[in-house]
Amino acid sequence: MQVILASGSPRRRQLLGEIFDSFEVLPQNVDESCDLTRGYAVCQRLAKIKLGNLPTLFEDALIISADTIVFMRGKIYGKPKDRQEAKVFLDELSSKWHIVYTGVAIYYHGDIHTFYDKSQVKFKTLGEDDKWKYIDTGSPMDKAGGYGIQDKEVVEKYEGSYTNIVGLPMEKLKEYLSKIIN
């Protein structure tokens with residue numbers, strides 16, 4: 001069976017490698033605008049959009065895409081567009097709990113299945129110097145919410161699936177794949 005990951009995320013690639021020995025990585029260049037406002041709905045819609053036209057090109061493949069967002073008090077935090085936006089994200093998330101949603105879309109045998117997982121993360125209280133030092137590492141720039149769960153500089157604690165926060169909820173993904181494929 002041909003397996004395709006429709007994501008360029010090195011973290012997703014690493015996680016999917018725990019399930020499949022080999023797969024192709026074919027991220028799609030798609031418009032990621034979405035008019036939905038509920039975190040769980042946004043991430044699922046974007047995951048589905050990220051499949052792009054792969055289902056029409058590879059009808060017999062198993063194709064997986066995902067989208068992760070950070071959500072707090074009605075605001076969605078995607079990847080920061082620049083250092084200044086990363087700083088705003090860190091300002092707003094500092095010392096607070098927030099939700100991380102990852103939506104997953106799975107295409108298999110003509111059907112698209114979607115699901116999401118939800119975890120909670122609490123930030124440390126960050127001083128101005130801490131924020132800029134963290135931004136200077138470059139880590140915030142390619143991650144939803146402007147941070148990585150693996151970065152001890154910013155995260156105090158979390159509840160729920162660690163791999164969901166990284167970007168691919170492995171527990172739920174394995175469960176869904178076993179239902180879909182078998």
Shortest non-hydrogen separation from [X] to [Y] and the atoms involved:
X: Gly8; Y: Val25; result: CA-CG1, 4.5 Å
X: Gly39; Y: Ile69; result: O-CD1, 3.4 Å
X: Gly146; Y: Pro140; result: O-CB, 2.9 Å
X: Phe115; Y: Pro169; result: CE1-CG, 3.9 Å
X: Gly167; Y: Ala66; result: O-CB, 3.9 Å

Within the structure provided, determine whether [X] and [Y] are in side-chain contact (heavy-atom separation under 4.5 Å).
X: Asp151; Y: Val155; value: no
X: Met170; Y: Lys174; value: yes
X: Leu90; Y: Tyr134; value: yes
X: Val154; Y: Lys124; value: no
X: Met141; Y: Lys81; value: no
X: Leu62; Y: Ile181; value: yes
X: Tyr77; Y: Met72; value: yes
X: Leu5; Y: Leu26; value: no

I'd like to know if [X] pairs up with [Y] as an ion pair, taking the criterion as any Lys NZ or Arg NE/NH1/NH2 lying under 4.0 Å from an Asp or Glu carboxylate oxygen.
X: Glu156; Y: Lys122; answer: yes
X: Lys75; Y: Glu92; answer: yes
X: Lys79; Y: Asp142; answer: no

Taking atom types as modelled and ignoring hydrogens, do the side chains of Thr137 and Ser139 form a donor-acceptor contact shorter than 3.5 angstrom?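 Side chains of Thr137 and Ser139: no pair found under 3.5 Å.
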[X] side, atom [atom1]; [Y] side, atom [atom2] - distance, nearest 0.5 Å:
X: Gln120; Y: Ile165; atom1: CD; atom2: CD1; answer: 9.5 Å
X: Ile76; Y: Ile99; atom1: CD1; atom2: CD1; answer: 11.0 Å
X: Ser33; Y: Arg45; atom1: OG; atom2: CZ; answer: 10.0 Å
X: Thr114; Y: Lys48; atom1: OG1; atom2: NZ; answer: 6.5 Å
X: Leu46; Y: Cys34; atom1: CG; atom2: SG; answer: 5.0 Å
X: Lys87; Y: Asp82; atom1: NZ; atom2: CG; answer: 13.0 Å

Taking only residues two or more places apart in sequence, or in another chain, which ones meet Phe58 in a ring pair (Phe, Tyr, Trp, His ring centres under 6.0 Å)?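 In terms of ring pair (Phe, Tyr, Trp, His ring centres under 6.0 Å), with neighbours along the sequence ignored, Phe58 is linked to no residue.
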Would you please test Gln150 and Tyr162 for side chain to side chain contact (heavy atoms under 4.5 Å, CB included) and show each step? CA-CA 9 Å; Gln150 64 277 15; Tyr162 179 85; 3.6 Å; yes
All pairs passing side chain to side chain donor-acceptor pair (under 3.5 Å) where residues 98-113 contributes a residue, at least two apart: Thr68-Thr102, His98-Tyr147, Thr102-Asn164
Name the one of Asp67, Leu177, Leu168 that satisfies side-chain contact (heavy atoms from CB on, under 4.5 Å) with Val104?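 Exactly one pass, corresponding to Leu168.
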Single hit among Leu173, Leu51, Ile63 for side-chain contact (heavy atoms from CB on, under 4.5 Å) with Ile106: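 Exactly one option meets the side-chain contact (heavy atoms from CB on, under 4.5 Å) with Ile106, and it is Leu173.
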Pair Glu159, Trp97 - check side chain to side chain contact (heavy atoms under 4.5 Å, CB included), show working. CA-CA 10 Å; Glu159 295 175 0; Trp97 281 98; 3.7 Å; yes
Has the side chain of [X] got a donor or acceptor atom that lies under 3.5 Å from a matching backbone atom of [Y]?
X: Ser119; Y: Ser161; answer: yes
X: Ser65; Y: Ala47; answer: yes
X: Thr125; Y: Ser95; answer: no
X: Arg12; Y: Ser7; answer: no
X: Glu59; Y: Pro55; answer: no

Would a hydrophobic clustering, with Ile, Leu, Val, Met, Phe, Trp and Tyr connected at side-chain separations under 4.5 Å, put [X] with [Y]?
X: Met1; Y: Leu57; answer: no
X: Ile135; Y: Val88; answer: no
X: Val70; Y: Val42; answer: no
X: Phe71; Y: Leu93; answer: no
X: Ile112; Y: Ile64; answer: no

Do Gln28 and Asn53 pass the side chain to side chain contact (heavy atoms under 4.5 Å, CB included) test, and can you show the C-alpha distance, the side-chain angles, and the key distance before you say yes or no? CA-CA 8 Å; Gln28 299 299 287; Asn53 66 348; 3.2 Å; yes
Do Lys172's NZ or CZ and the ring of Tyr116 fall within the cation-pi criteria of under 6.0 Å and 45°? yes
Please check if the number of heavy atoms outside Asp136 that lie under 6.0 Å from its CG is greater than 12.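 Buried by this count: over 12 neighbours within 6.0 Å.
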Tell me, with the steps shown, if Gln2 and Glu24 meet side chain to side chain contact (heavy atoms under 4.5 Å, CB included). CA-CA 8 Å; Gln2 182 181 21; Glu24 291 178 71; 2.4 Å; yes
Which donor-acceptor pairs under 3.5 Å do side chains of residues 15-22 form with protein atoms, sequence neighbours excluded?
none

